[in-house]
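First comes the structure, then the notes that go with it.
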Amino acid sequence: MNGEGDSASVKVALLGYGTVGTEVARLLHEHAADFTARAGASIELAGVAVRRPDKHPDVPAELLTSDATALVESDVDIVVEMIGGIEPARTLLLNALRAGKSVVTANKALLAEHGAELFAAADTSGADLYFEAAVAGAIPLLRPLRESLAGDRITRVMGIVNGTTNYILSAMDSTGAGYSETLEEASRLGYAEADPTADVDGFDAASKAAILASLAFHTRVSAADVHREGISEVSSSDIAAAKALDRTVKLLAICERVNGAEGGEAVSVRVHPVMLPRRHPLSSVDGAFNAVYVEAEAAGQLMFYGQGAGGAPTASAVLGDLIAVARNRVAGGRGPRESAYAALPVRPFAETCTRYHISLDVADRAGVLSQVAAAFAAHDVSIAAVRQRGRNQDASLVVVTHAATDAALRSTVDEIAKLDAVHEVVSVMRVEGGEP
Ligand code: HSE
């Protein structure tokens, strides 16, 4: 903090000046008077660290630097990190926190992989570490989990936290097109990155799931604890099979409080495609939007919805954090610390029980259904519903199961695939929300 009383100011360093950084700087400038009134101190942009200062003629030259380390070490009070990735962001933020500078970051991968050491550094120096923009962009979600629901017991957090994959799945649902051509179209329209791996393979959603589970259950969950499946295996047959059951396919991050070993509690954290009933609130979340559904013992069901990415929406979350952190500095205190006291174990995915939808092409003759049913019974997977539709000599057979472990289901499908009467296992997908 620089100065006293009305002349107090907080100096801010921006690390990174991409889509989000540009919007943060623009809004800081445009709403300077309001932000000063809200924070109780003027928020002064002290420097912007970028890789190539010559590429940013819109930023006053005296603010630009390519030396992020020196900017963090200068007399700034708050460091706002929008570089992304692990290094150099990790080292820069650790240095800032160790020096007592508060940090606002949108870096989900860094928090999900190195959250423990960042929180420890913040605790040691008494600095703030805020990261609302790291999950679901503009949607106020982390502060409700960390603060508003601190008096409740959250049992489940389930959401669409990746806009790219939601855009692709929504488009596949409405056009009937396959995954590859829809991804190509999404890239052409700018909805998917040139390298879409982090999004389509579920890494981005897994980092966000780790952050959500940590906050919701007061425990520490890292990216490596999250079971992750992306959407590249979702076919137009899967989408059609879901449609036939009045369901839609979504990539969900699911964080649950579950029974652990020896009667204790554990958490299950996973990201994978699921079939959801069309009447489920998450089914109507289309395109690049995000939505997160929270279940808490006292509050009941809550839903958070909005834009999960983009310059201005993400800047809204960054600036909310920046003002909160500035207020804390003006008050001479800090915001909530990490709450990981529950130290819950993470249940292995193979032990996680979910329901499955299995679609088969089979020969339409006596005894086939009983062979298929016998394979389910042999692996202790209970069938909840069976639908059959005949097609000349063949039939399409859809089986929806009760909850079973992933291990049991995999063994069942392997056995079914070997039956002479089964021409093809068309689709295997997990099912959430409501009975079949
Ligand atoms: N790439 C993310 C998405 C946005 O597609 O939702 C940033 O987290």
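Each ligand, and each atom within it, is numbered from 1 in the order the structure gives. Note that the structure is a prediction, hence the values are computed from the model and not measured. All heavy atoms count here, side chains included; hydrogens, waters and symmetry mates do not.
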Stepwise side chain to side chain donor-acceptor pair (under 3.5 Å) test for S339 and Y341: CA-CA 6 Å; S339 172; Y341 72 91; 5.6 Å; no

Residues D286, K250: salt bridge by 4.0 Å N-O rule: yes

Pair S180-L183, side-chain contact (heavy atoms from CB on, under 4.5 Å): steps then yes or no: CA-CA 5 Å; S180 301; L183 171 60; 5.8 Å; no

side-chain contact (heavy atoms from CB on, under 4.5 Å) partners for E184, two or more places apart: none

Contacts of type side-chain contact (heavy atoms from CB on, under 4.5 Å), residue E73, not counting sequence neighbours: T69

Residue list, side-chain contact (heavy atoms from CB on, under 4.5 Å) with D152, at least two apart or on another chain: L149, A296, E297, A298, A299

Contact residues of ligand 1 (heavy atom under 4.0 Å), by chain and number: K108, N162, G163, T164, D199, D204, K208, A309

